[in-house]
Amino acid sequence: RRVTERPLSKRLWDLDWEQHLPWEFENVRCEAGTFGEALPFIAEHYSSIFGLKDEEPRFHPDPMTEAKRRFGDEMDVFLFRAKDRSERVAGVLACHPSDWSTYYIRSLAVLPEYRTGNLVPPLILRLSEVLSAVGCERLECETSPSNTVVMRVLPRIDFILTASSNSERWGTMVRFTKFLRRDAESAFQRQFCGVRVKSARPSEGGSDLLPRRMP
């Protein structure tokens with residue numbers, strides 16, 4: 001990263017990830033990196049990790065452009081380096097603020113031989129602790145509903161299914177949100193996870209709140 005460039009999280013929250021990293025996990029070490037440092041891994045492995053090798057891709061291609069590269073410089077990039085003798089880059093995590101109170105996990109890719117069930121939960125915990133300390137209110141990510149592994153893992157670490165979308169770029173995606181402030185989560189639960197109905201025999205309050213569990 002050029003000296004004059006600072007990622008968006010630094011400009012918004014004065015967040016310097018190098019002050020919090022590295023983080024040690026079971027077989028990888030998470031370090032602060034740059035988009036430029038991640039590009040060789042992206043070029044070599046993303047097509048196979050995300051199933052983009054089809055001769056006729058289902059969705060609109062998203063090639064590397066100068067605008068995309070500049071956007072990459074705005075992101076926080078974390079490199080997962082193997083803790084074996086190779087010290088090779090075994091994965092990449094790319095994130096950025098989507099507004100002044102929301103942090104978005106744009107991409108997480110790890111080579112199959114370095115994936116374990118003990119990576120994502122502690123990683124999310126570390127991210128959440130740092131983000132909460134600087135005033136971020138929510139952590140968000142998106143996945144395909146066909147990604148059953150991620151669909152099972154996220155609710156177990158306090159993510160809530162909050163939205164879905166369709167696009168020519170990624171197809172159908174579902175969004176998960178992990179609230180970092182209790183009042184923000186309470187507001188979501190109040191607005192979207194319960195329904196107020198008129199009681200046949202109104203109580204003193206005039207209505208009852210019937211809970212409705214999230215699917």
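Note that these values count all heavy atoms, side chains included, but never hydrogens, waters or copies made by symmetry. Residue numbers run from 1 in the order of the sequence given.
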Residues E113 and R88 bridged, charged N to O under 4.0 Å: yes
side-chain hydrogen bond (donor to acceptor under 3.5 Å, both in side chains) involving E168 - partner list, sequence neighbours excluded: none
Inter-residue atom distance H20.NE2 - R126.CZ, 0.5 Å rounding: 12.0 Å
Minimum side-chain heavy-atom gap S107-I105 below 4.5 Å: no
V120 side chain reached by I157 side chain, heavy atoms, under 4.5 Å: yes
E185 side chain reached by L180 side chain, heavy atoms, under 4.5 Å: no
Check: W100 side chain, P97 main-chain N or O, donor-acceptor pair, under 3.5 Å: no
Residues that E24 engages under side-chain hydrogen bond (donor to acceptor under 3.5 Å, both in side chains), provided they are two or more places apart: K83
Interatomic distance, L154 atom CG to T143 atom OG1 [nearest 0.5 angstrom]: 7.0 Å
Non-hydrogen side-chain atoms of Y114 and D84 separated by less than 4.5 Å: yes
Verdict with supporting geometry, L123 and L125, side-chain contact (heavy atoms from CB on, under 4.5 Å): CA-CA 5 Å; L123 172 64; L125 177 62; over 6 Å; no
Side chain to side chain, P145 and T172, heavy atoms closer than 4.5 Å: yes
Electrostatic pair R11:E74 at N-O distance under 4.0 angstrom: yes
Validation row: F176, P155 side chains within 4.5 angstrom (heavy atoms): yes
Where at least one partner belongs to residues 132-141, residue pairs that pass side-chain hydrogen bond (donor to acceptor under 3.5 Å, both in side chains), sequence neighbours excluded: S101-R138, T102-R138, E137-R181, E140-R175, E140-T177
Residue pair S186 / F179, side-chain heavy-atom distance below 4.5 Å: no
Partner residues of S167 under the side-chain contact (heavy atoms from CB on, under 4.5 Å) criterion, sequence neighbours left out: R169, W170
Show me the donor-acceptor pairs within less than 3.5 Å that the side chains of residues 25-32 make with the rest of the protein, sequence neighbours left out.
| residue | atom | partner | partner atom | Å |
| --- | --- | --- | --- | --- |
| E26 | OE1 | N118 | ND2 | 3.0 |
| R29 | NE | E31 | OE2 | 2.9 |
| R29 | NH2 | E31 | OE2 | 3.1 |
| R29 | NH2 | E87 | OE1 | 2.8 |
| E31 | OE1 | R81 | NE | 3.3 |

Taking every non-hydrogen atom, the tightest pair across Y103 and S9: CE1-CB, 4.5 Å
Rounded distance (nearest 0.5 Å) linking atom CG of L108 with atom SG of C95: 8.0 Å
side-chain contact (heavy atoms from CB on, under 4.5 Å) involving T148 - partner list, sequence neighbours excluded: R152
Stepwise side-chain contact (heavy atoms from CB on, under 4.5 Å) check, F188 with C193: CA-CA 7 Å; F188 180 85; C193 300; 3.8 Å; yes
Sequence-distant partners of F159, ring pair (Phe, Tyr, Trp, His ring centres under 6.0 Å), two or more places apart: none
Pairing of D73 and R69 as salt bridge, 4.0 angstrom limit: no
Pairs meeting criterion ring pair (Phe, Tyr, Trp, His ring centres under 6.0 Å) with involvement of residues 72-99, two or more places apart: W17-F78, F71-H96, H96-Y104
With R85 via side-chain contact (heavy atoms from CB on, under 4.5 Å) - residues at least two apart: none
Intermediate values then yes/no, side-chain contact (heavy atoms from CB on, under 4.5 Å), L39 and M64: CA-CA 10 Å; L39 280 176; M64 183 62 63; 3.5 Å; yes
Verdict with reasoning, T162 to F192, per side-chain contact (heavy atoms from CB on, under 4.5 Å): CA-CA 9 Å; T162 52; F192 302 109; over 6 Å; no
Gap between atom CG of L8 and atom CG of D76 - 0.5 Å precision: 8.5 Å
For E66, salt bridge (charged side-chain N to carboxylate O under 4.0 Å, His left out) partners two or more places apart: R70
Beyond-backbone contact of K178 with I160, side-chain heavy atoms, under 4.5 angstrom: no
Non-hydrogen atoms of M173 and S144 that approach each other most closely: SD-N, 3.8 Å
Straight-line distance of L93 CG to C141 SG, nearest 0.5 Å: 10.5 Å
Donor-acceptor contact below 3.5 Å, side chain E37 vs main chain T34: yes
SB check D62 K68 (cutoff 4.0 Å): yes
For R115, all residues meeting side-chain contact (heavy atoms from CB on, under 4.5 Å), sequence neighbours excluded: I49, V110, P112
side-chain hydrogen bond (donor to acceptor under 3.5 Å, both in side chains) involving T65 - partner list, sequence neighbours excluded: none
